[in-house]
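Every chain is numbered from 1 and lettered A, B, ... according to where its sequence line falls, protein lines coming before strand lines.
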2 protein chains.
Amino acid sequence: MFIQLDFESKKPIYTQLKHEIIAGIARKDLSAGEALPSVRSLAADLGINLHTVNKAYQQLKQEGFILIHRQKGVVIHPDGVPEAGEDYYAELKETLRPSIAESICRGLSEEEYLSICQDIFKGFKEGEKK
Amino acid sequence: MFIQLDFESKKPIYTQLKHEIIAGIARKDLSAGEALPSVRSLAADLGINLHTVNKAYQQLKQEGFILIHRQKGVVIHPDGVPEAGEDYYAELKETLRPSIAESICRGLSEEEYLSICQDIFKGFKEGEKK
DNA sequence: TGTCTGTTATACATATAATATAACAGTTAC
DNA sequence: GTAACTGTTATATTATATGTATAACAGACA
C-alpha cells in the first residue's frame, strides 16, 4: 500500500488513514470495487492496532466511500462515492471559512489562495497518470 | 461582542473562539490596536470558564494575532498579523488537501470548488462594509 | 485600599485516541 | 472437518485533551 502515517502529527491516526484512502480514490489509485486490506493485515503493515484501522474503515463506510462484506472483506464502493449534497456543501464551507479568514489576516490575496487550491487539484490530476 | 459559540459542535470551544476572533479581524470588525475583553469578562459573557478563554488568547498570541500586556489587557496586534511564510503555506496546503480530495471523490469540479471559496471571500468583503 | 489585569497552580470530570487481548460467527480452502 | 481467514464485539488499560471550579499571586491604577 501507498499509505504513509505521521506518528508525530496531532491528527489522530485513524483520521490520517481515512485521508490517505480518500486521496487514493481521488487520484484514481483506488478504483470502484477494488479490494482493501483486511483490518488485521493493514494494522500489521502500518504497525498500529486493528481497532484503529477498524475505526477508519467504519467511518469511511458511514460516509459512503467503502462497502464492508461481513465475511468477505472491504472494497471501494462499487457504485462510486455519493455525490455532494446540501449537507456536504455546508460542511465544506464550515471547513473553508476559518482557513480563508486566517489567510485574509495574513495578507494572502484571493488570487493567491485560489492558486494554491488549483495547485492541489493539479497534484491529484497528475497522480491519475500514475 | 459578536461571538457566537455552538456548544453542540465537536470543535473545542477554545478553537471556535479563536476562529471567531480571526474572522472578526478578517472582516475588519476588529482592527489593529483594538482592545479585547478581559479573560474574565469574556468568559462570563459567553458562559464559559476563564481558562477556556485564556487558552484561546494564548494561542492567538502565539500565532501573532494579538498582544497581551500583563496588567493592561489584550489588544489586536498593533503591527498587524505576521505575513504568511513558507511554514504557513505548508500548513495551509495540509488543511486543503484532504478537503479537496473528498470534493473530487464526491464529483465536485475544480470550478465548483473554487466558486465556493470565492463566495466565502465575498462574505468577508461584504462584512467589511458593516 | 480596593479593583482590575494576566498568570499560575491544583484538582476534578469527561471524552477521545490508541493499544492489548480475547472471543464469536460466518467463509473459504485444503 | 479442520484450519485460516473475514469483520465484529467486548473488556481493560493508558495517555492525552477538553472543560470546569477554586484559589492565590503580582502588578497597575483610580
Check: If you look at every heavy atom in B:A35 and B:V75, which pair is closest and at what distance?
Finding: CA-CG1, 3.9 Å
Margin query: Looking at B:K72, I'd like to know whether one of its side-chain N or O atoms comes within less than 4.0 Å of OP1 or OP2 on C:dG6.
Written below: no
Next item on the list: In whole angstrom, give the distance that lies between atom CD1 of B:I13 and atom P of C:dA13.
Entry: 19 Å
Checklist line | A:S38 side chain near D:dT6 phosphate (N/O to OP1/OP2, under 4.0 Å) | finding: yes
Margin query: Of the listed nucleotides (C:dG6, C:dT19, C:dC24), which one gets closest to any side-chain atom of B:I68?
Written below: C:dG6
Next item on the list: Hey, which sits more toward the 5' end of DNA chain C by its nearest nucleotide, B:G73 or A:I48?
Entry: B:G73
Next item on the list: Measure from the side chain of A:R40, starting at C-beta and using heavy atoms only, and say which of C:dC24, D:dC25, D:dT20 lies closest.
Entry: C:dC24
Notebook entry, point to check: Any chance the rings of B:F121 and A:Y113 have centres within less than 6.0 Å?
Noted result: yes
Notebook entry, point to check: What is the distance, rounded to the nearest whole Å, between atom CG of B:L36 and atom C1' of C:dG6?
Noted result: 14 Å
Next item on the list: Could you work out which one of C:dA25, D:dG27, C:dG6 sits closest to the side chain of A:Q71?
Entry: C:dA25
Notebook entry, point to check: Does the cation-pi check pass for A:R27 over A:F2, that is, NZ or CZ under 6.0 Å from the six-membered ring centre and within 45° of its axis?
Noted result: yes
Check: For the pair made of CG in A:N49 and P in D:dT8, what is the distance, rounded to whole Å?
Finding: 15 Å
Margin query: Please report the distance, rounded to the nearest Å, between NZ in B:K10 and C1' in C:dT14.
Written below: 18 Å
Notebook entry, point to check: Rounded to whole angstrom units, what separation is found between the CD atom of A:E8 and the P atom of D:dT16?
Noted result: 13 Å
Margin query: Can you tell whether the side chains of A:K122 and B:E110 come within less than 4.0 Å, N to carboxylate O?
Written below: no
Checklist line | Separation of atom CG in B:L60 from atom P in C:dG6, rounded to whole Å | finding: 13 Å
Next item on the list: Tell me which nucleotide among D:dT20, D:dG27, D:dT8 gets nearest to the side chain of B:H51.
Entry: D:dT20
Checklist line | C:dA17 OP1/OP2 closer than 4.0 Å to side-chain N/O of A:K55 | finding: yes
Item checked: Gap separating the CD1 atom of B:I66 from the CD1 atom of B:I76, nearest 0.5 angstrom -> 7.0 Å
Margin query: Would you say B:T52 places a side-chain N or O within less than 4.0 Å of OP1 or OP2 belonging to D:dT20?
Written below: yes
Check: What integer distance in Å separates A:L50:CG from D:dA12:C1'?
Finding: 15 Å
Item checked: A:Y14 side chain near C:dA17 phosphate (N/O to OP1/OP2, under 4.0 Å) -> yes
Notebook entry, point to check: Do the side-chain N or O atoms of A:N54 get closer than 4.0 angstrom to the phosphate oxygens (OP1, OP2) of D:dT8?
Noted result: yes
Checklist line | Closest listed nucleotide, where the reference is the side chain of B:R70 and the choices are C:dT19, C:dG6, D:dT20 | finding: C:dG6
Margin query: If we check side-chain contact (heavy atoms from CB on, under 4.5 Å) with A:K18, which of these qualifies: A:K55, A:K11, A:E63?
Written below: A:E63
Note to self: Measure CG/A:L42 against C1'/C:dA18 and give the value in whole Å, please.
What the structure shows: 15 Å
Next item on the list: Look at the side chain of A:P12 and decide which nucleotide, out of D:dT22, C:dA17, D:dT18, has an atom nearest to it.
Entry: C:dA17
Next item on the list: Considering just the side-chain nitrogens and oxygens of B:Q58, establish if one lies under 4.0 Å of OP1 or OP2 belonging to C:dT7.
Entry: yes
